[in-house]
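These figures come from a predicted structure and were not determined experimentally. The analysis underlying the following values was restricted to heavy atoms, covering all of them including side chains, and did not include hydrogens, waters or symmetry mates.
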Amino acid sequence: MKSGSRLERVLRAGHFAVTAELLSPDSADPQAVLDHAQVIGDSCDAINATDASGATTHMSNVAVAALLRRAGYDAVVQLACRDRNRIAMQGDLLGIAALDVRNVLCLTGDGVGTGDHPEAKPVFDMDSITLLRTARILRDKGQFLSGRPIDSPPRLFLGGASNPFVPPYDFRPLRLKKKIEAGADFIQTQYCFDVPRLRSFMERVVDMGLQERAFILVGVGPLRSARVAYWMRENIPGVVIPDAVIRRLLGAGKRSRTEGKRICIEIIQQIKEIPGIAGVHVMAYRQEHLVPEILDEAGLLPRPEPELFDGIHASSADVVESNRC
């Protein structure tokens with residue numbers, strides 16, 4: 001057991017895990033975080049606190065994750081390299097663990113040109129793979145990159161991102177392997193709207209045995225309308241939405257939001273049947289109220305109670321021996 005987080009225990013117990021994303025609010029009011037968390041909290045095993053996603057300013061991701069932990073939720077803090085150098089990153093990793101946040105998703109981060117402060121100076125001292133290696137060194141070797149020892153190393157369940165849906169397709173499993181070798185214990189993917197492409201990706205992942213070395217959670221989410229789907233496809237880097245999905249939303253007319261929800265449920269049901277996938281990551285921007293309905297209709301509720309997997313206490317040696325990261 002790397003961290004003892006709820007997410008890690010759910011995954012190691014063999015349950016199909018569910019995480020959901022909470023966009024950090026444009027507010028200094030902690031209630032703004034809790035209001036959103038209360039909508040999705042009982043439906044998932046952990047909540048992602050985003051890190052200025054889209055290079056747009058919001059409440060601090062670390063603060064959001066701390067508020068979630070204080071309220072009793074398991075949190076995944078997203079940590080992007082765009083805005084911090086290695087000194088700040090290492091300090092944040094210690095601080096995150098000190099706040100009892102045990103899951104960290106290591107990201108390179110969107111370029112500043114995509115956000116609301118294009119004049120900002122990007123840092124990018126590290127990328128996601130370097131950050132994963134750094135976090136693993138702090139956790140497993142108990143030292144900073146400088147070699148200086150850490151009095152109390154952070155206990156962290158480390159995650160990375162993957163996008164199977166953009167070319168070059170043959171490179172995507174190799175990129176995933178690099179992240180796992182760097183230290184990723186779990187993976188969250190970009191939105192999946194192309195299940196055949198996901199199947200092809202996972203066939204290669206299984207052939208390489210990568211699903212035995214990291215837990216793979218596939219990104220899903222409801223689309224509000226064909227117009228929104230088209231905008232996402234054209235403006236959000238890495239999001240691929242096939243024409244067939246947009247046509248289906250167009251055909252639904254005024255019921256496009258209901259159809260978008262139905263598409264999401266169908267995708268989850270298909271994902272559950274693909275070998276090697278350990279869970280889903282739900283991203284429902286401004287549609288958080290749909291998350292419990294989607295998960296319920298997809299057969300993923302109720303979530304397992306903690307007592308069902310509190311007996312999972314694998315030692316580090318057991319983890320290494322079983323080749324399960």
List the steps and the verdict of side chain to side chain donor-acceptor pair (under 3.5 Å) for Gln90 and Thr134. CA-CA 8 Å; Gln90 292 175 90; Thr134 299; over 6 Å; no

Within the side chain of Thr50, is there an N or O that forms a donor-acceptor pair under 3.5 Å with the backbone of Ser53? no

When you measure from the centre of the six-membered ring of Tyr169, is the NZ or CZ of Arg197 under 6.0 Å away and within 45° of the axis? yes

More than 12 foreign heavy atoms under 6.0 Å from NZ of Lys272: is that the case here? yes

Is there a side-chain contact between Lys2 and Leu158 (heavy atoms, below 4.5 Å)? no

Not counting sequence neighbours, which residues clear side chain to side chain donor-acceptor pair (under 3.5 Å) with Asp194? List them please. none

Should Phe186 and Leu105 count as side-chain neighbours, where that means a heavy-atom distance under 4.5 Å? yes

Taking Arg233 first and then Asp243, would you say they form a salt bridge - that is, a charged N and a carboxylate O separated by under 4.0 Å? yes

Please determine whether side chain to side chain donor-acceptor pair (under 3.5 Å) holds for the pair Asn61 and Gln78, giving the CA-CA distance in whole Å, both sets of side-chain angles, and the decisive distance to 0.1 Å. CA-CA 7 Å; Asn61 55 319; Gln78 298 184 187; over 6 Å; no

Looking at Asp51 and Arg84, does any basic side-chain N land under 4.0 Å from a carboxylate oxygen? yes

Would a distance-only check, ignoring hydrogens and angles, find a side-chain to backbone donor-acceptor pair under 3.5 Å from Thr114 to Gly111? yes

If you draw a 6.0 Å radius around CZ in Phe124, do more than 12 non-hydrogen atoms from other residues or ligands fall strictly inside? yes

In the structure I gave you, are the side-chain heavy atoms of Tyr285 and Leu23 within less than 4.5 Å of one another anywhere? yes

Can you give me the closest heavy-atom contact between Val205 and Gln211, atom names plus distance? O-OE1, 3.5 Å

How many angstroms lie between atom CG of Leu210 and atom CZ of Phe215, to the nearest 0.5 angstrom? 13.5 Å

Using every non-hydrogen atom in the two residues, find where Ile216 and Gly276 come nearest and quote the distance to one decimal. CB-O, 4.2 Å

Joint cluster assignment, Leu107 & Val62, ILVMFWY side-chain distance < 4.5 Å: no

Would you mind checking if Glu8 and Arg12 are paired as a salt bridge, meaning a charged N to carboxylate O distance below 4.0 Å? yes

Check whether Leu290 and Leu301 end up in the same hydrophobic cluster, where Ile, Leu, Val, Met, Phe, Trp and Tyr are linked by side-chain heavy atoms less than 4.5 Å apart. yes

State the SG-CZ distance between Cys106 and Arg136, to the nearest 0.5 angstrom. 11.5 Å

Joint hydrophobic cluster, Phe157 plus Val101, side-chain heavy atoms closer than 4.5 Å: no

Any heavy-atom pair between the side chains of Ile129 and Arg133 that's under 4.5 Å? yes

If we ignore hydrogens and angles and just use 3.5 Å, is the side chain of Asn163 paired with the main-chain N or O of Gly238 as donor and acceptor? yes

How many angstroms lie between atom SG of Cys44 and atom CZ of Arg6, to the nearest 0.5 angstrom? 8.5 Å

Distance, nearest 0.5 Å, that separates NZ of Lys141 from CZ of Phe144: 15.0 Å

Grouping I, L, V, M, F, W and Y whenever their side-chain heavy atoms are under 4.5 Å apart, do Leu131 and Ile137 come out in a common cluster? no

Just by distance, do the side chain of Ser256 and the backbone of Arg224 share a donor-acceptor pair under 3.5 Å? yes

What is the minimum heavy-atom distance between Ala97 and Arg155, and which atoms define it? CB-N, 4.4 Å

Tell me, do Asn103 and Leu156 make a side-chain contact under 4.5 Å, heavy atoms counted? no

Indicate if Val76 and Leu99 have the same hydrophobic cluster label, given that clusters are the connected sets of ILVMFWY residues with side-chain heavy-atom separations under 4.5 angstrom. no

Contact summary for Pro164 and Thr189, nearest pair of heavy atoms: CD-CB, 4.1 Å

To the nearest 0.5 Å, what is the distance between CD on Gln190 and CE on Met283? 5.5 Å

Is there side-chain contact between Cys264 and Ile268, with heavy atoms separated by less than 4.5 Å? yes

Which heavy atom of Phe201 sits nearest a heavy atom of Pro173, and at what distance? CE1-N, 3.8 Å

For Gln287 and Leu223, the nearest pair of non-hydrogen atoms, with its separation, is NE2-C, 4.2 Å

Using the salt bridge (Lys or Arg N to Asp or Glu O under 4.0 Å) rule, take Arg248 and Glu266 through it: C-alpha gap first, then chi angles, then the decisive distance, then the call. CA-CA 13 Å; Arg248 185 169 164 183; Glu266 292 174 2; 2.9 Å; yes

Between Asp127 and Thr108, is any side-chain donor less than 3.5 angstrom from a side-chain acceptor? no

Close side-chain approach of Ser128 and Lys179, heavy atoms under 4.5 Å: yes

Derivation of the salt bridge (Lys or Arg N to Asp or Glu O under 4.0 Å) call for Lys261 and Glu293: CA-CA 9 Å; Lys261 171 185 165 184; Glu293 299 175 19; 2.7 Å; yes

Please say whether more than 12 non-hydrogen atoms of neighbouring residues, nucleotides or ligands are located less than 6.0 Å from CG in Leu174. yes

Look at Arg172 together with Asp170 and state whether they make a salt bridge at an N to O cut-off of under 4.0 Å. no

One should read off an interatomic distance between Asp29 CG and Leu34 CG, to the nearest 0.5 angstrom, of 8.5 Å

Is it true that Asp83 and Lys121 make a salt bridge, defined as a side-chain N closer than 4.0 Å to a carboxylate O? no

Quick test of your reading of the model: are Asp42 and Arg303 salt-bridged, counting only N-O distances below 4.0 Å? no

